Amino acid sequence: MPSLPLALRPLRPLTKLRLGADVTAVFFGGKLRGLPPAVLREAGAHLRRAGFKGEANETHAVPLSGRPPRTLFVVGVGKELTTEIFRRGVAAAVQHAKAEGARTVTVILHSPFSILLSPVAVGRAFAEGALLANYRFTAYKAERAKREHALRLTRVELLVPRGLVPDAERGVRRGTLEAEATMLARDLVNEPSSRMTPAALVEQAKRIAAASRGAIALTILNRKQCEARGMGAFLAVAKGSAEEPAFIHLVYRPAGTGRRAVARHQASSPKPQARVVLVGKGITFDSGGLSIKPAEGMETMKIDMAGAAAVLGAFSVLARLQAHAEVHGMIAACENMPSGSALKPGDIVRTVLGKTIEVLNTDAEGRLTLADTLGEAVKVQPAAIIDLATLTGACMVALGEEIAGLWSNDDRLSASLTAAAEAAGEPLWPLPLFREYGARMKSEVADLKNISGRKYGGAITAALFLKEFVGETPWAHVDIAGPSYAEKQTNPLNPVGGTGFGVRTLLHYLEGLGA
Ligand code: BES
Ligand code: ZN
Ligand code: ZN
């Protein structure tokens, strides 16, 4: 993973301000400010000629005269600068710099903008914007080293008023970890399914546990062990593939609450803490199975483990972020393939908690593996379960490529997840668990069937199906089929490919727990 050096420095008085970087980014709320008079004159005239209005997220690159040639990158803020506009502005400046082959970028945040935002949030957004925009998946590129070198930024710095530096620095450290976690998720999604197999996900989980210095425990269940536990739905999906399935269970415990530590302090029982299960859909390739997908629909189906990738990404930094909650991660990892041993339409499978499912379409496989995973999640008696899944094309029809769907049986959980997503800049929109549609998932011959048999409302009926497996446990389902993968670049933070969507929302959510 190419790392990009970030720096934070106090903003110097205007008379001493030199625009030395190849690209200098500034924010524009109605007029240009906080720059040397000569620059203001030159750039101001340029912006007027170009018809720059300064609407939110509108950007314009102004070439500055002089040697060496430099660029002033102006980011409009519209009515008011928000953390998200700042984050996207930093990202857009970095994208611009990369496209121009620039080596250094300086972002200036002066008052009044600097006092409207929390300095921690500024540092965090700066690190996220810069690092995530700089990301590229280059593992399979010819002349990889050369290309990378040509595109390498050597330094991105942020200038803020001196008093804000310490808090902003804390934000940069946190944002850097969050970006790293997101980039890990991107790497896992971008890796082709021939390599990113269930076994490879297991390897990744092992690496994460090993790096946590005992904070994360890992249990792997193989096919036989899953069978013994009664995970009939998960194994039914797996059985068409030559790849061995695996059930991954990670447990992060905050420092001082591990088994040994608890035994030591038995007299003073450990503080009760929030326990949360994060569930990720882990289909490493979704061909559809015997209900096979058309070629166009199959092209991107290596991304069908993006939920698992987000969970693993989050786990990769939990120990370093010193999260306060007990966090479980559960992933049923397998491939969905057609073959002589594949699951067939009409088959009936039994899930871990006993409910049976009539499988009418083998391409609705995510909900089958999730049914068993949610059952396992319920067993650990958590305060909340959150699942992330590239579950339905219907959710993309409803919300487009950039917004994830959110369903929950618990208003508080839904509110805190929405707030976390808002702070993270990952758009999430609530959709209903409309009870009346639930009847569509009842089967004549089993407890449930895995498709509604109707043309419309597929994202909602999928959520209603999952709801059958969580009982009374507070639960939220996030359908990330759209935003987990950027087919084209729209958001400057997300280069084409896996986006790592969900990682930062999960980390923001966990930050708010048990602290
Ligand atoms: N993995 C797909 C959903 C998907 C589609 C994710 C596009 C990302 C992009 C899922 O397993 C699936 O095939 N869903 C079907 C459900 C249908 C058979 C009820 C779908 O959405 O068409
Ligand atoms: Zn499918
Ligand atoms: Zn799928």
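We count ligands from 1, going down the list as the structure has it; atoms in each ligand are counted the same way. Computed from a prediction, not measured in an experiment: that's the story for all the values here.
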Which atoms of ligand 1 are found less than 4.0 Å from any heavy atom of Glu365?
11 (O)

Would you mind telling me if ligand 1 is within reach of the side chain of Asn361, the backbone, both or neither, using heavy atoms under 4.0 Å?
side chain

Any Ile283 side-chain heavy atom under 4.5 Å of Met301 side chain:
no

How close does the nearest protein non-hydrogen atom get to atom 12 (C) of ligand 1, and which residue and atom is it?
Asp363 O, 3.2 Å

Let's go through His249 and Leu221 carefully: what are the C-alpha distance in whole Å and the side-chain angles of both, what is the deciding distance for side-chain contact (heavy atoms from CB on, under 4.5 Å) to 0.1 Å, and is it a yes or a no?
CA-CA 8 Å; His249 182 181; Leu221 304 179; over 6 Å; no

Which of the atoms of ligand 1 are close to Met301, meaning less than 4.0 Å from one of its heavy atoms?
1 (N), 4 (C), 5 (C), 6 (C), 7 (C), 8 (C), 9 (C)

For atom 20 (C) of ligand 1, what is the closest protein heavy atom, and at what distance to 0.1 Å?
Gly393 N, 3.9 Å

How far is atom 16 (C) of ligand 1 from its nearest protein heavy atom, and which residue and atom name does that atom have?
Arg367 NH2, 3.9 Å

Candidates Thr300, Asp304, Thr362, Thr369; heavy atom nearest atom 1 (N) of ligand 1 found on Asp304

Three-point angle Lys281:NZ, the Zn ion (ligand 3), Asp286:OD2, rounded to the nearest 10°:
170°

From Arg275 CZ over to Glu326 CD, what is the distance, rounded to the nearest 0.5 angstrom?
4.5 Å

Salt bridge check, Lys281 against Asp387: does any charged N sit closer than 4.0 Å to a carboxylate O?
no

Run the salt-bridge test on Arg88 and Glu84 with the 4.0 Å N-O cut-off and return the result as yes or no.
yes

Quick check for you: to the nearest 0.5 Å, what is the distance between Leu312 atom CG and Ile331 atom CD1?
4.0 Å

Determine whether the side chain, the backbone, both or neither of Met305 has a heavy atom under 4.0 Å from any heavy atom of ligand 1.
neither

First locate atom CZ of Arg195, then atom OH of Tyr140, and finally report the distance between them rounded to the nearest 0.5 Å.
3.5 Å

Need the ligand 1 atom indices (1-based, order shown) with element for anything under 4.0 Å from a heavy-atom of Ile451.
19 (C)

Can you sort out which atoms of ligand 1 are near Met396, meaning under 4.0 Å from one of its heavy atoms?
7 (C), 9 (C)

CG of Leu448 to CE of Met441: how many Å apart, nearest 0.5 Å?
7.0 Å

Taking 2.8 Å as the cut-off, does Asp304 contribute an N, O or S atom near the Zn ion (ligand 2), distance below it?
no

Given Asp286, Asp479, Leu391, which one has a non-hydrogen atom that is nearest to atom 14 (N) of ligand 1?
Leu391

Any nitrogen or oxygen of Lys293, side chain or backbone, less than 3.5 Å from one on ligand 1?
yes

Using a strict cut-off of 4.0 Å, indicate which atoms of ligand 1 neighbour a heavy atom of Lys281.
1 (N), 10 (C), 11 (O)

Between Arg504 and Glu511, does any NZ, NE, NH1 or NH2 come within less than 4.0 Å of an OD or OE carboxylate oxygen?
no

Any Lys/Arg nitrogen of Glu376 or Lys379 sitting under 4.0 Å from an Asp/Glu carboxylate oxygen of the other?
yes

Looking at Glu365, the N, O or S atom sitting nearest the Zn ion (ligand 2) is OE1

